[in-house]
Amino acid sequence: MAIFEIYAGKSGLEMMVSLDREDFLSTLSQEFGSEITSENLEAHAFEYLQCKIAIQVNGECTSFTINKIKLSDFNIHLQGSLNISVSEVTEIRMTNTCMVDLIPDQDNIMKLKLNDRIRSFRLNSNRTSTTAIY
């Protein structure tokens, strides 16, 4: 399971991503055909997530920039910006195919902490996209 949490930050919308360490490193190795090291982790994670996640806010496309990576024994935590600032979120369209083609029963939880509400959506191989209306 992976959790993608979108929230309003100081400079606009931000996202925190928590991924299973073993599964994500294995996925990156398979995708890029090389061993994942501390030197190439950020670049490969960025490239992979750019291909597997699409988020539109109020009809505008976003792009996830990784600002911070933290590794723990069991997880990888990525924190960054969606590079968009809006005064009010009225709609978020999310597509997430992260690891669903390589990890059996992979679930990606999209958690939205916006407009004084917390909402969660489960995306997986059976349902890779959804829209949240506010």
Side-chain angles (χ1 to χ4, degrees):
M1 178 188 313
I3 300 172
F4 299 76
E5 184 176 311
I6 299 172
Y7 57 94
K10 293 179 183 177
S11 61
L13 294 182
E14 298 181 9
M15 184 164 67
M16 171 70 85
V17 181
S18 299
L19 304 138
D20 180 90
R21 181 178 176 145
E22 184 178 322
D23 288 347
F24 191 59
L25 293 177
S26 173
T27 297
L28 292 179
S29 291
Q30 290 179 53
E31 285 286 317
F32 296 102
S34 64
E35 181 181 344
I36 302 304
T37 65
S38 58
E39 289 80 29
N40 67 16
L41 174 60
E42 183 173 348
H44 285 328
F46 172 77
E47 186 175 342
Y48 180 78
L49 293 176
Q50 288 293 94
C51 293
K52 299 295 183 177
I53 298 171
I55 299 171
Q56 290 184 351
V57 178
N58 300 345
E60 292 184 51
C61 293
T62 67
S63 62
F64 181 54
T65 300
I66 299 170
N67 298 329
K68 187 178 184 182
I69 296 178
K70 180 181 173 189
L71 289 97
S72 66
D73 291 340
F74 301 105
N75 295 297
I76 295 177
H77 304 280
L78 309 172
Q79 185 175 0
S81 173
L82 289 179
N83 297 308
I84 190 168
S85 183
V86 294
S87 58
E88 181 183 7
V89 175
T90 57
E91 176 184 271
I92 295 189
R93 292 180 186 206
M94 302 163 281
T95 299
N96 188 332
T97 59
C98 184
M99 300 188 286
V100 298
D101 52 342
L102 298 174
I103 308 296
D105 299 322
Q106 171 69 25
D107 284 324
N108 294 314
I109 306 300
M110 302 298 294
K111 187 173 187 178
L112 308 177
K113 290 184 169 183
L114 301 166
N115 297 348
D116 298 322
R117 292 177 64 189
I118 298 174
R119 301 175 72 185
S120 296
F121 302 88
R122 178 181 298 184
L123 301 179
N124 52 39
S125 60
N126 297 321
R127 177 182 171 201
T128 59
S129 63
T130 192
T131 300
I133 305 291
Y134 286 90

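Hydrogens, waters and symmetry mates are skipped; everything else that's a heavy atom, side chains included, is used.
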Main chain of Thr90, side chain of Asn58: is a donor-acceptor contact present, judged purely on distance under 3.5 Å? yes

Between Thr62 (side chain only) and Ile55 (backbone N and O only), is there a donor and an acceptor less than 3.5 Å apart? yes

Would you find more than 12 non-hydrogen atoms of other residues, nucleotides or ligands less than 6.0 Å from Arg122 atom CZ? no

Quick check for you: to the nearest 0.5 Å, what is the distance between [X] atom [atom1] and [Y] atom [atom2]?
| X | Y | atom1 | atom2 | value |
| --- | --- | --- | --- | --- |
| Glu14 | Thr65 | CD | OG1 | 11.0 Å |
| Leu82 | Ser11 | CG | OG | 10.0 Å |
| Met1 | Asp23 | CE | CG | 11.5 Å |
| Asp107 | Asn124 | CG | CG | 5.0 Å |
| Met110 | Ile6 | CE | CD1 | 4.5 Å |

Trace of the side chain to side chain contact (heavy atoms under 4.5 Å, CB included) decision for Ile36 with Phe24: CA-CA 10 Å; Ile36 302 304; Phe24 191 59; over 6 Å; no

Pairwise salt bridge (Lys or Arg N to Asp or Glu O under 4.0 Å) hits with a residue in [range], at least two apart:
| range | value |
| --- | --- |
| residues 31-44 | none |
| residues 74-92 | Glu91-Arg93 |
| residues 62-78 | none |

Looking at Tyr134, does the NZ or CZ of Arg119 lie under 6.0 angstrom from its six-membered ring centre and within 45 degrees of the ring axis? yes

Sort and list the pairs that fulfil ring-ring contact (aromatic ring centres under 6.0 Å, His included) and have at least one residue in residues 25-46, not counting sequence neighbours. Phe32-His44

Would you mind listing the cluster partners of Ile133? Hydrophobic ones only (ILVMFWY), side-chain contacts under 4.5 Å, chaining allowed. none

For Ala2, side chain to side chain contact (heavy atoms under 4.5 Å, CB included) partners two or more places apart: Phe4, Leu19, Met99, Gln106, Asn108

Kindly write out the residues that satisfy side chain to side chain contact (heavy atoms under 4.5 Å, CB included) with Ser72, not counting sequence neighbours, or none if the list is empty. Asn75, His77

Among all residues two or more places apart in sequence or in another chain, which pass the side-chain hydrogen bond (donor to acceptor under 3.5 Å, both in side chains) test with [X]?
| X | value |
| --- | --- |
| Gln30 | Ser26 |
| Gln79 | Tyr7 |
| Asn115 | none |
| Arg21 | none |

Grouping I, L, V, M, F, W and Y whenever their side-chain heavy atoms are under 4.5 Å apart, do Met15 and Ile118 come out in a common cluster? no

Please determine whether residues Ile3 and Leu123 belong to a single hydrophobic cluster, defined as Ile, Leu, Val, Met, Phe, Trp and Tyr linked transitively by side-chain heavy-atom distances below 4.5 Å. no

Considering residues at least two apart in sequence or located in another chain, which fulfil the salt bridge (charged side-chain N to carboxylate O under 4.0 Å, His left out) criterion with Glu5? Lys113

